[in-house]
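Here's the structure, in structure tokens; my notes come after.
A, B, ... follow the sequence lines: proteins, then strands. Residue 1 opens every chain.
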Amino acid sequence: MASAAPEAEQEQVVNPWEVSAGKGGIDYDKLVDQFGCQRLDAAIIDRIGRLTGRAPHRFLRRGLFFAHRDLNEILDLYEKGEKFYLYTGRGPSSEALHLGHLVPFMFTKYLQDAFKVPLVIQLTDDEKFLWKNLTVEESKRLARENAKDIIACGFDIERTFIFSDFNFVGGAFYENMVKVARCVTYNKVVGIFGFTPEDHIGKSSFPPVQAVPSFPSSFPHLFPGNDQLRCLIPCAIDQDPYFRMTRDVAPRIGYQKPSLIESRFFPALQGENTKMSASDPNSAIYVTDTNKEIKTKVNKYAFSGGQDSVELHRKLGANLEVDVSIKWLNFFLEDDDELENIKKEYKEGKLLTGEVKQILIKVLSEMVERHKRARAQVTEEMVDAFMARRPLPNMFG
Amino acid sequence: MGYTKDVLLARLEELKIDFERYDHPVVLTVEEQAKHVGNLGGALTKNLLLKDKKHRLYIVSALADTKVDMKILSQRLGLGKGGVRMAPEDNLRQVLQVPLGCVTPFALFNETASAVSLLLDQGFKSKKSCYFHPLTNDVTIALSSSNLDKFLLSIGKQPAYVDLEASPVVGKDNPPDLADLVPTSALSFPEESVENVAPTHAPTKDVPKEKTCLPDVKAKPKVQNKVTSSSEGKVPTNGANVEKFVTDVLEMISPLFISEVSKKLNIKEDELSPILDGLKERAALNVDSLASLFKSAAYTTGFDAGVKTMLNYGKSGLPSRE
């Protein structure tokens with residue numbers, strides 16, 4: 001569809017390397033439409049609860065993970081006794097991880113525990129080398145550092161394989177990469193990812209690297225002879241283009257299409273407009289922040305939907321639509337009843353912004369504390385163990 | 001939260017389960033219920049929510065005139081004499097998510113009730129239809145026991161029928177006959193009653209004769225789940241299951257804590273239980289994190305050692321089993 005007038009409103013851009021919104025933040029409905037994925041509804045969430053025998057994760061209940069591709073198919077098969085594996089990843093561009101980075105890993109851990117399935121985690125150190133001004137050594141080092149934070153999320157070492165591209169690409173993995181590459185024209189990647197003729201060829205040849213972990217034959221030490229094993233990919237919705245491409249190619253090379261379960265972007269402290277940026281330390285809470293830093297950041301930078309004065313606030317109440325503290329509590333406060341109560345009282349003006357922020361600070365501090373404690377337990381040997389090409393005999397146990 | 005009767009009834013219809021529906025004013029007792037549906041041909045049922053000392057819950061659903069002796073039931077479950085009592089109201093609301101006077105087998109529809117054990121009166125089978133509340137006290141539905149079974153199977157539960165009036169002797173040579181119906185945990189981590197998931201626990205062990213602190217009764221419903229995935233030809237070990245470990249630890253601490261505090265501070269155990277339940281939920285995340293990392297550390301040490309053994313000695317580094 002050609003756009004009509006040249007002064008059309010700023011289009012939102014969502015791809016793995018750029019996320020920017022038009023006015024009013026990301027339009028997720030439009031995005032889902034544009035990408036062609038589906039929304040998660042109450043029925044499918046219920047179904048997940050029933051199949052796993054536990055309450056669905058609050059990220060599902062609260063709509064943080066909100067879209068999917070072919071999730072029902074995976075659930076149908078699971079119900080019949082057919083397993084699947086999980087695949088997620090991280091581009092290790094910085095040492096500092098913030099809570100927005102942890103979200104997909106927290107959710108993936110839940111999926112692993114709930115469905116009792118194995119997980120592969122890809123660290124795309126090559127991608128960061130290609131896109132950022134890093135040396136190979138630095139990229140590899142960041143990958144290992146990030147692996148430690150990922151391990152700290154509590155993944156089951158008997159079911160989890162972490163790998164970095166610089167370390168692992170080759171053999172069957174590379175064979176699959178080339179199979180995928182042969183099925184995608186340059187024009188296609190330009191269309192999907194927006195590459196230009198000025199971009200170096202490292203960029204345009206990267207996508208297959210992120211595509212092939214969706215295929216079990218890429219991991220002959222894990223899934224030997226199980227070529228048709230299904231894959232479920234939890235990721236943020238900006239990664240969708242990679243997997244659209246993958247799903248397009250899969251049947252052409254005799255493989256199953258991966259299914260996806262996708263999340264929104266986590267709103268930055270200063271307001272819901274784009275995803276949190278590692279380059280602006282005040283846009284996010286980092287897993288290395290002290291309690292004091294958390295307190296300062298939330299108090300100072302968290303965008304408030306409250307009124308300007310206490311009197312006005314008591315009278316009019318808060319605007320929950322834009323209040324970032326409420327949005328964050330929506331994702332991080334476990335107790336449904338407590339959350340409802342806070343929202344109600346804040347909206348009615350009974351609760352002040354400062355009080356809501358205090359609650360958020362407490363919740364965040366506890367989370368960061370827990371992460372730090374776990375992170376301190378991670379040794380270099382532990383990273384080696386997670387990243388070793390070892391069998392996982394209990395992966396479906 | 002918790003399913004409404006409408007969702008439940010819609011599901012019954014989806015499953016093509018026949019039932020009769022009767023609306024009436026809210027009733028809190030079987031006697032009151034009898035006034036409205038008593039002479040319509042179905043059998044009235046009484047439904048009890050029981051709790052044992054390890055805070056495991058049981059719904060006992062029986063014909064209204066079946067005699068249920070709690071002492072005998074407790075022994076048959078392997079919980080000793082006086083091992084069960086009526087559960088407090090809080091459990092109704094929090095776990096079953098039904099109002100007072102509304103205990104019903106249909107409460108198992110709610111996920112929160114997934115660890116609750118259900119005992120059904122054998123007598124249901126000989127009645128044309130029995131009356132139950134569908135998650136609300138202002139409606140009664142009548143359905144046959146086979147239709148009830150159909151529903152239970154659809155939510156992954158194996159119906160367990162019991163002769164509730166029987167009083168077998170329980171002793172050294174006669175193990176408790178209902179021991180299999182004791183749930184595996186007090187927290188809402190359910191046992192795997194979904195047919196297709198390969199069981200992680202060893203097959204049902206014999207019930208230990210003395211009560212121990214650890215819940216090592218691996219209870220499964222009497223009718224075993226079918227097919228185990230054949231690729232799991234490995235020996236079924238417990239594995240180092242973090243969730244189970246966390247549950248076991250919290251379970252070990254709870255009764256000790258409750259009994260100590262209730263003694264020293266003179267508070268009723270009943271009042272302490274819900275507080276402790278809340279505490280367990282909050283602690284679970286942190287304990288889980290500790291346990292996960294502990295497991296990873298232990299595995300890492302083993303892995304490291306294994307690699308070094310192979311590098312230095314090859315296969316001869318391993319002991320022989322002959």
**Request:** Could you tell me whether the side chain of A:Phe386 reaches within less than 4.5 Å of the side chain of B:Thr300, counting heavy atoms only?
**Result:** no
**Asked** Relative to each other, are the rings of A:Phe332 and A:Trp328 parallel, tilted or perpendicular (30° and 60° limits)?
**Response** perpendicular
**Asked** Which region of A:Glu366, side chain (C-beta onward) or backbone (N, CA, C, O), has a non-hydrogen atom less than 4.5 Å from a non-hydrogen atom of chain B, or is it both or neither?
**Response** side chain
**Prompt:** Do A:Phe161 and A:Phe168 have their ring centres less than 6.0 Å from each other?
**Reply:** yes
**Item:** Carboxylate-amine/guanidinium proximity below 4.0 Å for A:Asp289 and A:Lys372
**Value:** no
**Request:** Take the angle between the ring planes of B:Phe106 and B:Phe151 and call it parallel below 30°, perpendicular above 60°, tilted in between.
**Result:** tilted
**OH/B:Tyr299: more than 12 non-hydrogen atoms of other groups inside 6.0 Å** = yes
**Prompt:** Which residues from residues 56-66 of chain A are near chain B, with near meaning under 4.5 Å between non-hydrogen atoms?
**Reply:** A:Pro56
**Item:** Proximity of residues 144-155 of chain A to chain B, residues having a non-hydrogen atom under 4.5 angstrom
**Value:** A:Ile151, A:Ala152, A:Gly154, A:Phe155
**Fill in**
The interface call for A:Asp335 against chain B, heavy-atom contacts under 4.5 Å, is neither
**Message:** When you compare the side chain of A:Tyr85 with that of A:Pro216, does any pair of heavy atoms fall below 4.5 Å?
**Reply:** yes
**Asked** Which heavy atom in B:Pro159 sits nearest to a heavy atom in B:Leu152, and how many Å separate them?
**Response** CB-CD1, 4.1 Å
**Item:** Interface moiety of B:Ser292 toward chain A, non-hydrogen atoms closer than 4.5 Å
**Value:** side chain
**Asked** Does A:Arg39 CZ have over 12 foreign heavy atoms under 6.0 Å away?
**Response** yes
**Item:** A:Tyr110-A:Phe107 aromatic ring centre distance below 6.0 Å
**Value:** yes
**Asked** Using non-hydrogen atoms only, which part of A:Arg373 is less than 4.5 Å away from chain B: side chain, backbone, both, or neither?
**Response** side chain
**Prompt:** Taking A:Asp41 for the side chain and A:Ile44 for the main chain, is one N or O donor matched with an acceptor at less than 3.5 Å?
**Reply:** yes
